[in-house]
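Taking it in order: structure first as structure tokens, then the write-up.
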Amino acid sequence: DNLIHSRRVLWHLFFWLDYLSKCIRTSLVLWNTKPKFVFVQNPPSIASLPIIFFRKIYHYKVIIDSHNGAFEKKWSEIPFHKWALRQADLVTIHNSQLYKRLSNDFNFRGVKFMILNSKLTDFSRTKKETQKQPYFLVVSTFSPDEPIETLLEGIREFCKRSNSKL
């Protein structure tokens, strides 16, 4: 039991030392580059905290690119997460369902949300590989609010129109 407890303590100590070193390196980058805008990906929710803190020193605008998972318990429960979102100049989210849910949530009042729908790149002019069946690469965490059924239906429809089986 003491060994397990000591490992947990060491892991927490390492985590905080690592985070402190990253904050210092981030500050040095900000000092050297003097940006007008800083974009932060969320999650990890903890990443936006030093950026919000340093903006008082370096005077830049903060845009937090929040993916759907950032509003699930694991990430949204991190201390100061909601405060950091309210301090940001803009918080991008990726669909209207999430916007509706968050705009009705008292915890996110005062956050300047903007729905940012990213469009897929047109690969129609790229050289086609010679393969027997189509394949699909879907990069996603499949969070509960993502339209997985719509995606799968689209793949089924594509396969039906191209006479392929999935």
Side-chain angles (χ1 to χ4, degrees), residues 7-123 136-158:
R7 283 185 181 172
R8 188 174 298 138
V9 169
L10 287 174
W11 186 89
H12 280 30
L13 179 63
F14 172 76
F15 172 82
W16 288 109
L17 288 173
D18 181 55
Y19 188 67
L20 179 62
S21 76
K22 288 175 181 171
C23 287
I24 292 168
R25 289 194 317 249
T26 298
S27 180
L28 291 173
V29 168
L30 294 169
W31 175 262
N32 290 326
T33 60
K34 296 178 181 36
K36 292 182 180 182
F37 298 92
V38 175
F39 289 81
V40 184
Q41 184 174 324
N42 179 27
S45 301
I46 200 165
S48 60
L49 297 178
I51 298 302
I52 294 295
F53 173 75
F54 291 138
R55 80 185 262 175
K56 302 292 184 193
I57 299 168
Y58 299 115
H59 308 290
Y60 49 74
K61 302 278 185 188
V62 176
I63 296 94
I64 300 177
D65 178 30
S66 288
H67 296 248
N68 296 352
F71 302 100
E72 293 174 8
K73 274 195 174 190
K74 176 183 175 183
W75 295 110
S76 67
E77 300 286 318
I78 288 180
F80 303 106
H81 172 251
K82 295 167 190 113
W83 172 83
L85 293 173
R86 284 190 290 276
Q87 301 307 308
D89 294 288
L90 187 65
V91 177
T92 61
I93 55 177
H94 299 279
N95 61 60
S96 57
Q97 294 88 350
L98 182 62
Y99 178 78
K100 286 176 189 173
R101 188 183 78 169
L102 296 175
S103 61
N104 291 323
D105 187 333
F106 177 77
N107 292 310
F108 298 104
R109 299 259 162 114
V111 177
K112 298 169 203 86
F113 287 116
M114 179 179 135
I115 300 170
L116 180 68
N117 290 321
S118 38
K119 296 183 179 181
L120 297 175
T121 305
D122 178 12
F123 289 104
F136 298 88
L137 172 65
V138 180
V139 180
S140 179
T141 58
F142 296 113
S143 292
D145 64 333
E146 293 180 0
I148 298 165
E149 287 303 318
T150 305
L151 171 72
L152 294 174
E153 183 58 36
I155 292 171
R156 283 186 207 101
E157 183 65 26
F158 173 84

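Heavy atoms only: backbone and side chains are in, while hydrogens, waters and symmetry mates are out.
Looking at Tyr58, its side chain never comes within 3.5 Å of a backbone N or O of Thr33 through a donor-acceptor pair. Side-chain atoms of Asp105 do not come within 3.5 Å of backbone N or O of Arg101 as any donor-acceptor pair. Side-chain N or O atoms of His94 include one that pairs as donor or acceptor with a backbone N or O of Leu116 at under 3.5 Å. Side chain of Ser45 to main chain of Trp75: a donor-acceptor pair is present (N/O by atom type, distance under 3.5 Å, no hydrogens or angles). For the pair Lys36 (side chain) and Lys61 (backbone), a donor-acceptor distance under 3.5 Å is absent. Using modelled atom types, no side-chain atom of Arg55 and backbone atom of Pro50 make a donor-acceptor pair closer than 3.5 Å.
No side-chain heavy atom of Asp65 sits less than 4.5 Å from a side-chain heavy atom of Val40. At least one side-chain heavy atom of Ile52 sits under 4.5 Å from a side-chain heavy atom of Val62. Between Phe80 and Leu85, the closest side-chain pair of non-hydrogen atoms is not below 4.5 Å. In this structure, Asn42 and Ser48 have side chains that are not in contact, with every pair of non-hydrogen atoms separated by 4.5 Å or more. Considering only heavy atoms from C-beta on, Val111 stays 4.5 Å or farther from Lys82 through its side chain. Side-chain contact between Arg25 and Val29: absent, with no pair of heavy atoms (C-beta onward) separated by less than 4.5 Å. Side-chain contact check for Phe108 versus Ser103: every heavy-atom pair is 4.5 Å or farther apart.
Environment of NZ in Lys112: crowded, with over 12 heavy atoms of neighbouring residues, nucleotides or ligands closer than 6.0 Å. In the displayed structure, Tyr19 atom OH is contacted under 6.0 Å by more than 12 heavy atoms of other residues, nucleotides or ligands.
Classification of the Trp11-Phe15 ring pair by plane angle, with boundaries at 30° and 60°, yields parallel.
Closest approach of Pro79 and Leu49 over heavy atoms only: O-CD1, 3.8 Å. Across all their heavy atoms, Ile93 and Phe71 have their closest contact at CG2-CE1, 3.9 Å. Contact between Asn104 and Lys100 at its shortest, heavy atoms only, is ND2-O, 3.0 Å. Nearest heavy-atom pair across Pro43 and His67 is CD-CB, 4.1 Å.
Atom CG of Leu90 sits about 10.0 Å away from atom CZ of Phe113, to the nearest 0.5 Å. Expressed to the nearest 0.5 Å, how far CG of Asn68 lies from CG of Asn95 amounts to 5.0 Å. Atom OG of Ser27 and atom CG of Asn32 lie 9.5 Å apart (nearest 0.5 Å). Expressed to the nearest 0.5 Å, how far CD of Glu157 lies from CG of Leu152 amounts to 13.5 Å. For the atom pair CD1 (Ile115) and CD (Gln97), the distance works out to 8.5 Å, reported to the nearest 0.5 Å. Atoms CG and CD1, on Asp89 and Ile64 in that order, are 9.0 Å from each other to the nearest 0.5 Å.
The side-chain tip of Lys34 points at the ring of Trp31 from less than 6.0 angstrom away and within 45° of straight on.
Not less than 6.0 angstrom separates the ring centroid of Tyr60 from the ring centroid of Phe54.
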Worked check of side-chain contact (heavy atoms from CB on, under 4.5 Å) between Val38 and Leu30: CA-CA 9 Å; Val38 175; Leu30 294 169; 3.8 Å; yes
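Electrostatic pairing of Asp18 and Lys22 counts as a salt bridge here, judged by a charged N lying under 4.0 Å from a carboxylate O.
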